**Student:** 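Got a structure for you, questions after.
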Amino acid sequence: MFTKQSELQTLRLIAETLNQSNNVEQMMQTVLEKLLNLTQLQAGWMFFTNQRGDYSLVADHRLPEALSRHRKQPMCQGSCYCLNKYWNGELTGPINIIECKRLDEAVQHNTGDTEGITHHATIPLVAGAERFGVLNVASPGKTHFTQEELTLLQSVAFQIGTAIKRTKLYDAQQQRAEHLATLNELVRTLWEASDHEQLIKETVDRLRSGYGFETAAFFTYQGGELVLRSMECDFTNDSSAQVTEAFQQGKTISSSSMISVPLTVKKQPLGVLYAQSEESFTSADKEVMDALAGHVALAYESISVQEKRAEVLLYEERNRLARDLHDSVNQKLFSLSLTARGAKEVVKEDESLKELLSEMQSLSQESMREMRSLIWQLRPIGIEEGLLSALKKYGSHLRIEIDFDVEDIPHLSHSTQEALWRISQEALNNVHKHSGVSKAWVKLKAVETGVELKVQDLGKGFRSPNKSCCTLGLTSMRERAQLLGGTLEWKSEIGQGTTIQVFIPWVKEG
């Protein structure tokens, strides 16, 4: 029987022990040993549990051989009465006596000495509404605990639960500080990324190396759907469903071990950042993921702006170069052609010289035609009046008749119009150079997710073994479409002509 003084002494010493460490496992082991010595009980052990129904042996002292054999294997696997009651919600206070299933099995199978222990008291470890596990204590031959003993053990369990909660809060603050320090380093790295691919790769790599997440993935919204751009480790169907839900709802969706954070720029969807952990996500983990998503979205948009700026500068430089070629080289070639023609009129009797001047005139005229084509490629004259107007003028320049089939097309972004122009230009060049015909069909059509372009001729055609084997021109056209998240396909047969089919998703101007 405990006296009031011994109870107070026990509680004071337990409190002092709990305040000496912030390491949970070390603290639990020390306080269990202290409790058993103060109460003169023989053995004890503690289980920690989680929301997934898993448990771990966090502390033990003087376990009988039946429970300590094989490195405490009986304590680390299988279920037992006390844990089942705990998970079922039946263990709300100290239970006087529970027969130990682990000890019963040891006796039944003769797998070790129980040292006279057959029963134990079980007390839940709680702090307010939070539950952490159970405390079990026992002694040989003891099959009953008095109410005073149970009350003392419950008071100790409350102290332990409060200390666990305090330690978890301390660990959470430490983790938060470490996460934010890692986040600062990661953000600096992200803003140094030169392109989207590097940004995406750095984000995924650092989520695993910096935060220890088991899986990390980066999705972007392209062509009306989420596209996986980078991933480390496995990805499950449950993960895919969560990513889709986060994107559609525009808010962070998380479970105990998975989290999906939408990426948005100016309220426009950009994609989703996903992570998965073997351990349950803490509030610090979620805070970091939300903060990181904001930085990633801004860095991604900054790169997009820089790319658009570079595109504008390149466009202006092409225009300048086209003007210079037109005003200088092209004019000089024209002058050379006129001079050759004039000289040919003067030299009427010298046939050999006259022949050389004719060749000079022919070469200068051919050079002018090639120069005009080059100027067209640098600056599509008339594209400011619209894509179709530019194609019509370019077809006339190549002496190709174009039959247009155009449905109502809304305003095209600059990048889309530029890509369609360059692809059509290359396709018409191929018609001019290789098809052997002087007519082409161009069809432009808007669909729900983007715009479709088809350029067709009925010329010589060509045979390609597969779609990965193609000319430089076809490769260039396909790459232009892919840069905007689109696709390019072609079909050609000898003697049956060639068809180029392009799709580019709607692109919003930044």
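Model, not experiment: these values are computed from the prediction. FYI, the numbering just counts along the sequence from 1.
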**Student:** Mind listing the closest non-hydrogen atom pair of Met75 and Phe47 along with its distance?
**Tutor:**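 That would be O-CE2, 3.4 Å.
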**Student:** How about Ser257 and Glu278: do any of their side-chain heavy atoms sit closer than 4.5 Å?
**Tutor:**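 No - every pair of side-chain heavy atoms lies 4.5 Å or more apart.
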**Student:** Please determine whether salt bridge (Lys or Arg N to Asp or Glu O under 4.0 Å) holds for the pair Lys201 and Glu197, giving the CA-CA distance in whole Å, both sets of side-chain angles, and the decisive distance to 0.1 Å.
**Tutor:** CA-CA 6 Å; Lys201 186 177 185 305; Glu197 293 302 324; over 6 Å; no
**Student:** Between Ala157 and Pro124, which heavy-atom pair has the shortest distance, and what is it?
**Tutor:**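 Closest approach of Ala157 to Pro124: CB-O, 3.6 Å.
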**Student:** Quick one, Ser277 with Asp285, criterion side-chain hydrogen bond (donor to acceptor under 3.5 Å, both in side chains). Give me CA distance, side-chain angles, the key distance, then yes/no.
**Tutor:** CA-CA 10 Å; Ser277 176; Asp285 292 327; 5.8 Å; no
**Student:** Under a 4.5 Å cut-off applied to non-hydrogen side-chain atoms, are Arg208 and Thr215 in contact?
**Tutor:**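 SC-SC contact between Arg208 and Thr215 ruled out.
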**Student:** As a quick check of understanding, evaluate side-chain contact (heavy atoms from CB on, under 4.5 Å) for Val265 and Leu270, giving each step before the final call.
**Tutor:** CA-CA 7 Å; Val265 175; Leu270 172 64; 4.2 Å; yes
**Student:** Given Gln242 and Ser260, is the side-chain hydrogen bond (donor to acceptor under 3.5 Å, both in side chains) satisfied, shown in steps?
**Tutor:** CA-CA 7 Å; Gln242 188 193 79; Ser260 299; 2.7 Å; yes
**Student:** Can you measure from CD (Gln159) to CD (Gln154) and round to the nearest 0.5 angstrom?
**Tutor:**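 Rounded to the nearest 0.5 Å, the CD-CD separation comes out at 12.0 Å.
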**Student:** Could you go through Val451 and Trp506, starting from their C-alpha distance and side-chain angles, then the distance that decides it, and tell me whether this counts as side-chain contact (heavy atoms from CB on, under 4.5 Å)?
**Tutor:** CA-CA 7 Å; Val451 60; Trp506 296 121; 4.2 Å; yes
**Student:** Is there a donor-acceptor pair closer than 3.5 Å between any side-chain N or O of Gln198 and the backbone N or O of Ser194?
**Tutor:**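 It does hold such a pair.
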**Student:** In Å, rounded to the nearest 0.5 Å, how long is the span from CZ of Arg62 to CG of Leu41?
**Tutor:**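 Answer for the CZ-CG pair, Arg62 versus Leu41, is 9.0 Å.
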**Student:** Excluding sequence neighbours, so at least two apart, what forms ring-ring contact (aromatic ring centres under 6.0 Å, His included) with Phe132?
**Tutor:**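 ring-ring contact (aromatic ring centres under 6.0 Å, His included) check on Phe132 returns nothing, list empty.
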**Student:** Taking only residues two or more places apart in sequence or in another chain, which ones pass side chain to side chain donor-acceptor pair (under 3.5 Å) with Thr122?
**Tutor:**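 Applying side chain to side chain donor-acceptor pair (under 3.5 Å) to Thr122 gives His120, Asn136.
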**Student:** Decide if atom CD of Glu287 counts as having more than 12 heavy atoms of other residues, nucleotides or ligands within a radius under 6.0 Å.
**Tutor:**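 Enclosed: over 12 neighbouring heavy atoms sit under 6.0 Å from CD of Glu287.
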**Student:** Can a donor-acceptor pair be found, under 3.5 Å and without considering hydrogens, that links the side chain of Ser302 to the backbone of Leu298?
**Tutor:**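 Checking the backbone N and O of Leu298 against the side chain of Ser302, no donor-acceptor pair under 3.5 Å is found.
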**Student:** I'd like to know if the side chain of Arg131 reaches the main chain of Leu125, judged simply by a donor and an acceptor atom lying under 3.5 Å from each other, with no hydrogens or angles considered.
**Tutor:**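 Checked: no pair found.
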**Student:** Determine whether a donor-acceptor pair (N or O, by modelled atom type, separation under 3.5 Å) exists between the side chain of Glu452 and the backbone of Lys445.
**Tutor:**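 A pair under 3.5 Å: no.
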**Student:** So, Arg188 and Glu192, do they make that salt bridge, N to O below 4.0 Å?
**Tutor:**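 No, Arg188 and Glu192 are not salt-bridged.
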**Student:** State, yes or no, whether a side-chain contact exists between Met231 and Val204 at a heavy-atom distance under 4.5 Å.
**Tutor:**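 Met231 vs Val204: side chains apart.
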**Student:** Report yes or no: is the cationic atom of Arg206 (NZ for Lys, CZ for Arg) closer than 6.0 Å to the six-membered ring centre of Tyr211, at no more than 45° off its axis?
**Tutor:**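 Because its charged atom misses either the 6.0 Å distance or the 45° angle limit, Arg206 does not stack over Tyr211.
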**Student:** So, the side chain of Tyr221 versus the backbone of Phe247: is there a donor-acceptor pair under 3.5 Å, distance only?
**Tutor:**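 No, Tyr221 side chain to Phe247 backbone: no donor-acceptor pair under 3.5 Å.
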**Student:** Donor-acceptor pair, Thr499 side chain versus Trp490 backbone, under 3.5 Å?
**Tutor:**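 No; zero donor-acceptor contacts below 3.5 Å.
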**Student:** With a sphere of 6.0 Å drawn around CZ of Arg12, does it hold more than 12 non-hydrogen atoms of other residues, nucleotides or ligands?
**Tutor:**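 Check passes, neighbour count above 12.
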**Student:** Please check: side-chain N/O of Arg480 versus main-chain N/O of Glu418, any donor-acceptor pairing under 3.5 Å?
**Tutor:**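 Here the side-chain-to-backbone pair does not exist.
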**Student:** Can Lys142 be said to sit on top of Phe145's aromatic six-ring, NZ or CZ under 6.0 Å from centre and within 45° of the ring axis?
**Tutor:**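 Geometry flag: set, cation within 6.0 Å and 45°.
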**Student:** For Ala275 and Met289, which heavy atoms make the closest approach, and how far apart are they?
**Tutor:**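 Minimum heavy-atom contact is CB-CE, 3.8 Å.
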**Student:** Is it true that a side-chain atom of Thr162 and a backbone atom of Ala127 form a donor plus acceptor pair closer than 3.5 Å?
**Tutor:**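 No: the side chain of Thr162 does not pair with the backbone of Ala127.
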**Student:** Hey, what do you get for CG (Leu273) to CG (Leu207), rounding to the nearest 0.5 Å?
**Tutor:**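 The distance works out to 5.5 Å.
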**Student:** Taking all non-hydrogen atoms of both residues, which atom of Ile123 and which atom of Pro94 are closest, and how far apart?
**Tutor:**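 Smallest heavy-atom distance, with atoms named: CG1-CB, 3.8 Å.
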**Student:** Below 4.5 Å, heavy atoms only, C-beta onward: do Asp104 and Tyr81 meet side chain to side chain?
**Tutor:**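 They are in side-chain contact.
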**Student:** When rounded to the nearest 0.5 angstrom, what distance separates CD1 in Ile164 from CG in Leu169?
**Tutor:**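 Between Ile164 CD1 and Leu169 CG, I get 12.0 Å after rounding to 0.5 Å.
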**Student:** Quick check on the 6.0 Å ring-centre criterion: do Phe213 and Phe281 meet it?
**Tutor:**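 For Phe213 and Phe281, the ring centres are under 6.0 Å apart.
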**Student:** In this structure, which one of Val296, Thr189, Leu186 forms a side-chain contact (heavy atoms from CB on, under 4.5 Å) with Thr203?
**Tutor:**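 The passing option is Val296.
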**Student:** Over all heavy atoms of both residues, which pair between Met477 and Ile423 is shortest? Give the atoms and the distance, please.
**Tutor:**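 In terms of heavy atoms, the two residues are closest at SD-O, 3.3 Å.
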**Student:** Could you tell me if the side chain of Glu99 sits less than 4.5 Å from the side chain of Thr118, heavy atoms only?
**Tutor:**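 Answer no - side chains too far apart.
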**Student:** Roughly how far apart are Thr487 OG1 and Gln482 CD, rounded to 0.5 Å?
**Tutor:**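 If I round to the nearest 0.5 Å, the distance is 8.5 Å.
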**Student:** Taking the side chain as C-beta and beyond, is there a heavy-atom pair between Met46 and Leu57 under 4.5 Å?
**Tutor:**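 Side-chain contact under 4.5 Å: no.
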**Student:** For the residue pair Ala293 and Pro262, what are the closest heavy atoms and their distance?
**Tutor:**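 Nearest heavy atoms, Ala293 then Pro262: CB-O, 4.2 Å.
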**Student:** For the atom pair CD (Glu479) and CG (Leu474), what is the distance rounded to the nearest 0.5 Å?
**Tutor:**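 Result: 11.0 Å between the selected atoms.
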**Student:** I'd like to check Leu263 versus Tyr300 (side-chain heavy atoms, cut-off strictly below 4.5 Å). Are they in contact?
**Tutor:**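 When only atoms from C-beta onward are counted, Tyr300 and Leu263 do not touch, as no gap falls below 4.5 Å.
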**Student:** Would you sort out whether Gln42 and Ile117 count as a side-chain contact (heavy atoms from CB on, under 4.5 Å), showing the intermediate values?
**Tutor:** CA-CA 9 Å; Gln42 172 68 24; Ile117 297 176; 4.2 Å; yes
**Student:** In a check of side chain to side chain donor-acceptor pair (under 3.5 Å) between Gln29 and each of Gln26, Glu25, Glu33, which one passes?
**Tutor:**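 Per the side chain to side chain donor-acceptor pair (under 3.5 Å) rule, the option paired with Gln29 is Glu33, out of Gln26, Glu25, Glu33.
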**Student:** With a 4.5 Å limit on heavy-atom distance, are the side chains of Asp60 and Leu67 in contact?
**Tutor:**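 Not in contact.
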**Student:** Please step through side-chain contact (heavy atoms from CB on, under 4.5 Å) for the pair Asp205 and Glu232, ending with a clear verdict.
**Tutor:** CA-CA 8 Å; Asp205 288 348; Glu232 288 290 337; 3.7 Å; yes
**Student:** Are Thr220 and His196 linked by a side-chain donor-acceptor pair shorter than 3.5 Å?
**Tutor:**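 Thr220 vs His196: no donor-acceptor pair found between side chains.
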**Student:** May I ask you to check whether Asp54 and Thr49 show a side-chain donor-acceptor distance below 3.5 Å?
**Tutor:**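 No, Thr49 and Asp54 have no side-chain donor paired with an acceptor closer than 3.5 Å.
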